[in-house]
Amino acid sequence: MLEKTYAPADVEKRWVEAWSKARLFGSAPVKGGRAYTIVIPPPNVTGALHIGHALNNTLQDVLIRWHRLHGREACWVPGTDHGGIATQNVMEKQLKAEKLSRRDLGRDAFLERMQAWTRDCKKTILGQLTRLGCALDFGREAFTMDEARAKSVHHAFAEFYKEGLIYRGARMVNWCVRCGTALSDIEVESEERKTKLWHLRYPAADGGEGLVVATTRPETMLGDTAVAVNPKDARYAALVGKKLKLPLTERLIPVVADEHVDSAFGTGAVKVTPAHDVNDFEIRQRHPEIETLQVIGFDGKLTPEAGKYAGLSRELARDAVLKDLGDALVKTEDHKNAVGTCYRCQSTIEPLVAWQWFVKMAPLAEKARAALDDGRFKIHPASWAKPYRAWLENIKDWCVSRQIWWGHRIPVWYCQACNAGKLGSTSELYNTPELKVAAVSAARPESCPACGGKDLIQDPDVLDTWFSSALWPLSVFGWPEKTPDLDFYYPTDILVTGYEILYLWVARMQFMGLHFMDKVPFSAALMHGIVRDKAGKKMSKSLGNVVDPLLMMDKHGTDALRFALVSQAHPGKDIPFAEDSITGPRNFANKLWNSTRFVLDYALKNEPAPEGGYPLAGLDKAKLEVADRWILARFQEVSETARKDVESLDLAAAANCLYGFLWDDFCDWYIELSKAALADPERGEATKTILVQVLTGTLKLLHPFMPFITEELYQALKPYAGETAEFAFSAGAPVLTGWEDSSAVKNMRFLRLAVDSIRRLRSILEVHPGAKLQAKYSGSGGWAEFLRDESETVMLLGRFESLEKVDSRPPASAAAVAGTTAFYFAMEGLVDFEKARGRLAKELERLAKDQTKCDAILGNKSFVERAPEEEVAKVRVQRDETVARGAALKDTLEALGAGRSNKGV
RNA sequence: GGGCCGUUAGCUCAGCGGUAGAGCGUCCGCCUUACACGCGGUAGGUCGGGGGUUCGAAUCCCUCACGGCCCACCA
């Protein structure tokens, strides 16, 4: 016997254990089987999971369970990501609390601490995923920095190197001063800031007035080595080729003409600082006569080249320079400017020239573009395809070296002898040009292949964390080994992730997969939105609007949380979420619970299940009643709709469709109707069968969305359903064919219309809900006959004591109308007549409006002539019904006028 | 500066060519023998503005406004 209210905690705990014990989610290649594979977007080992992870993983779990239910060899690979800079930052914060830095510890000790942290964090994360109900194949757990994944990374690096797709070069890179490393272009976020545009006068070397440049970064003027103007700009034509005197310094700098300069912006003259600005760097490449002077160092402080400003931070140097410029600062205006910031620590990016490792992207991107264009890869929603293609077509090389410690060490070795002492004892090579590579290998080579030297050092940098993530769909199946897993599961079926990492991750997986396997790593990507708060703001600790998924699970149940998230997760749309989003789904869980209680306790009276249960096959369709045929037809239709929704990746639509069916169709109507049918010895068995089968089937379809409660209820129902699967997970989808039945659907629609109408009238007349009325009905055509057969049903739902047919309206009766059929009941002693008259009058008004509208439409000749016949017929029927209802209401009003109120008498 | 998405009931969102829908909230009844995490009923919308196509438009086209996002080297 089930409790009255569903209590999730105990149920969830039990099934987590049972599933785990049964190794239910394990998967292995099956000959002739059809895989359905997903690799998890591995969460960074930076801490506990947040609600975004809950969404991401719930969606994947729905897909995995759904496809398992529908017969696929589902495999969901779990794992975590070492998380590079992000994770190192977490550790550095911890160290800071102990008043330590990573350099205090040294590289080895630091990495040891990182490993320990990682172990704990992985445990937390996998525990949380388990708690969320994720059907992950835990035997396949992977980590982006474990031994197997390291092999993939080293192999990919070596292959790229061999093919000339990876190279070391000096470029202007995005340098994060706080993190102390270079970043790739897409790891820089741009942030609009209110700042100033400063106008500075640079006098001519010959004593002339020179010109005025406009800048947003006055401190970099110390590194200016030229001024550029547009070649077509007549204002400055005479100055081109001349020298200017750079204020605050003794240096003379040339004026050059360059197409890049926009004459309309600022003063039309641009100061050129090749060491600290991407554009200026490029201008210098077009004008080799320009020198380069680095005045800001990798530590974010001014270099000795900056003279007396050396050692100041960028910010302080700006203040000092502006102060010292004096009259040379001719104007200051407000200006909005986009500033690059580090996506991991939000500090302002400094563009600096450094020696880094780069991956050549154009050839890789070209393959990805082709896969997109010929449909081998599809993005959902499709609106992301365009920006994705644009990105592929304008791609720049990928800076993959990071000057941090936590990551895959770059597998490159340099020979001291061959590099003529350039290496020294330094652990930083980003300032060291033109190094000769001795070997590309994970392990230390015996000796230098070129000179036989034994003094080899490994590149101190590590790879961008996204490099190993990019290989994830390959590496988790053992690539580069040709494993049976790789053969069976690759390419995977779908990748589910947030749109914010489309370029950082999704695109690069496409690159790697297409390059190394010549096959897309996944044929579809489902890009979901971000979970926001109810005001549409991103959740963040500083705003204090974060919702802890674990707390939600504890308070309302995991299934409720999952359903709340999925039922709002339309592809590509953000999800507004607050704790009250869960109450609806929580109530729904309870509804499932109680409908099962009804079937087991009330319908089946907890009798033991007969051998083989109550199979659908045992039904004789010819002997079924309208309601029976209707609910079966609806169920078949709903399973089909849900299947299509999942196929088109609109999981929210599938969830909502099942929700509506269970609550509205099954509970509100079928269960209510079954109460009479169960009492009828001729219909009892069939009704039990339908109750059991439709409920069990719905629970199975809901299982991917709400695995715990459906498992619990499935276990209770399965003997009655005649099922033998050990778990709902592997029970197979309900099989429904041949139950479509348009006449049952039509009849049921009429029945519902009739009951709705009766209920409305009862409510208008304030008939006590418990009062049983003596009712009569009249009507012509087929419905009258239908009602005779269904009088039991109408009596039950309309709460009538009796229902008999009459030819015309009994005097002093109220009438409820469905189509052209009317139900009457006496009003004697029932109502507050005044109030009822008011409401009836209002409804009459509405009907009159409807009728006018119908008449207008039908009076429109071109509509009648040109619209399809069935549309015209629809309006005609509607008009007739409106007229009939109006007449009945008028009668009722009249009767009310004749009657006497018993209120206040 | 380009591009994309959105603007529908008080709130959050479905609907995407045939008389405006759901959930939550409101209000009014009901502890009706599965469920008060419930049942029945009710109010509430010129579907962002303006044009156009069509017999008919929330739904297609154009345009404007307002949000949001992505991309971009205007110093």
Side-chain angles (χ1 to χ4, degrees), chain A residues 2 4-6 172 186 190 197 213-217 220 228 260-262 264-273 277-283 335 337-338 351 381 383-388 390-391 394 499-500 502-503 529-530 534 536 556 560 567-568 570 572-578 580-581 583-603 650 652-653 656 659-660 663-664 667-668 671-672 675 755-756 759-764 766-770 799 839 850 853-854 857 860-868 870-872 874-875 878 882:
Chain A
L2 300 172
K4 224 172 165 182
T5 306
Y6 172 55
M172 179 145 277
I186 49 180
S190 91
L197 190 62
V213 298
T215 180
T216 53
R217 296 201 61 193
T220 63
H260 164 75
V261 180
D262 176 359
F265 184 88
T267 61
V270 185
K271 62 193 254 336
V272 179
T273 323
D277 184 279
V278 183
N279 293 310
D280 297 359
F281 182 77
E282 283 168 11
I283 289 178
H335 184 66
N337 191 26
S383 52
W384 277 105
K386 206 168 162 177
Y388 175 57
W391 184 75
N394 294 297
Y499 54 71
E500 70 273 16
L502 175 59
Y503 308 128
I530 295 168
K534 275 274 151 96
H556 310 287
S567 62
Q568 288 213 78
H570 296 280
K573 296 218 172 164
D574 287 350
I575 295 170
F577 189 92
D580 64 6
S581 306
T583 59
R586 185 264 254 130
N587 295 350
F588 180 56
N590 198 237
K591 194 72 182 173
L592 289 177
W593 187 259
N594 279 294
S595 37
T596 306
R597 273 182 70 216
F598 171 82
V599 172
L600 293 174
D601 299 354
Y602 188 103
D650 195 345
N656 293 327
Y659 177 102
W663 201 312
D664 186 39
C667 290
D668 287 353
I671 284 188
E672 288 311 315
K675 286 174 183 172
V755 171
D756 283 342
R759 282 173 174 168
R760 191 174 320 121
L761 189 63
R762 287 184 65 121
S763 171
I764 288 176
E766 296 190 333
V767 177
H768 190 277
R799 295 194 161 263
R839 285 187 60 178
D850 282 356
K853 212 163 159 188
C854 289
I857 296 174
N860 182 348
K861 253 192 191 162
S862 33
F863 171 74
V864 180
E865 280 165 16
R866 306 177 72 158
E870 57 185 75
E871 290 303 327
V872 181
K874 245 195 237 169
V875 182
Q878 194 206 330
T882 309

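Reminder, nothing fancy here: chain letters follow the sequence lines and each chain counts from 1.
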Which nucleotide, B:U19, B:U33, B:A36, lies nearest any side-chain atom of A:Lys4?
B:A36
Any strand, both distances under 3.5 Å, Watson-Crick or G-U wobble: B:C13 pairs with B:G21
Selected nucleotide, minimal atom distance to A:Val270 side chain, candidates B:A75, B:A14, B:G3
B:A75
Quick one: A:His570 NE2 to B:C69 P, roughly how many Å, whole number?
21 Å
Taking only side-chain N and O atoms of A:Asn587, does any of them lie within less than 4.0 angstrom of OP1 or OP2 on B:G38?
yes
Whole angstrom value for the distance that separates P of B:A36 from CG of A:Asn594
7 Å
Comparing A:Arg866 with A:Thr215, nearest RNA chain B nucleotide closer to 5' gives the residue A:Arg866
Nucleotide nearest A:Asp277 when distance is taken to its side chain, options B:A34, B:A75, B:G18:
B:A75
Applying the Watson-Crick and G-U wobble criteria at under 3.5 Å, what pairs with B:C4? Answer none if nothing qualifies.
B:G68
Could you state the CG-C1' distance from A:Asp580 to B:G23, rounded to the nearest angstrom?
11 Å
A:Lys591 side chain, from C-beta outward: closest of B:A75, B:G29, B:C39
B:C39
Strand partner of B:U53, provided both Watson-Crick or wobble distances fall under 3.5 Å:
none
Taking N and O atoms by type only, does the side chain of A:Lys386 place a donor or acceptor under 3.5 Å from a partner on the base of B:C4?
no
Report the residue (A:Thr216 or A:Thr596) whose heavy-atom-nearest nucleotide on RNA chain B is the more 5′ of the two.
A:Thr596
Taking only the side-chain heavy atoms of A:Asp668 (C-beta and beyond), determine which of B:G40, B:C55, B:C37 contains the nearest atom.
B:G40
Roughly how far, to the nearest 0.5 Å, is CZ of A:Phe588 from OG1 of A:Thr583?
14.0 Å
For B:G44, the nucleotide meeting Watson-Crick or G-U wobble distances (both under 3.5 Å) is none
Given the structure, check if the side chain of A:Glu672 and the base of B:A34 hold any donor-acceptor pair shorter than 3.5 Å.
yes
Hey, does A:Val261 reach any base, or is it just sugar-phosphate, or nothing, if we go heavy atoms under 4.0 Å?
base
Regarding the side chain of A:Phe265, the nearest nucleotide among B:G18, B:C74, B:C30 is B:C74
A:Gln568 atom CD is separated from B:A22 atom C1', nearest whole Å, by 12 Å
Output the rounded distance in Å from CH2 (A:Trp391) to P (B:C71).
10 Å
Which nucleotide sits closest to the side chain of A:Lys853: B:U33, B:A20, B:G18?
B:A20
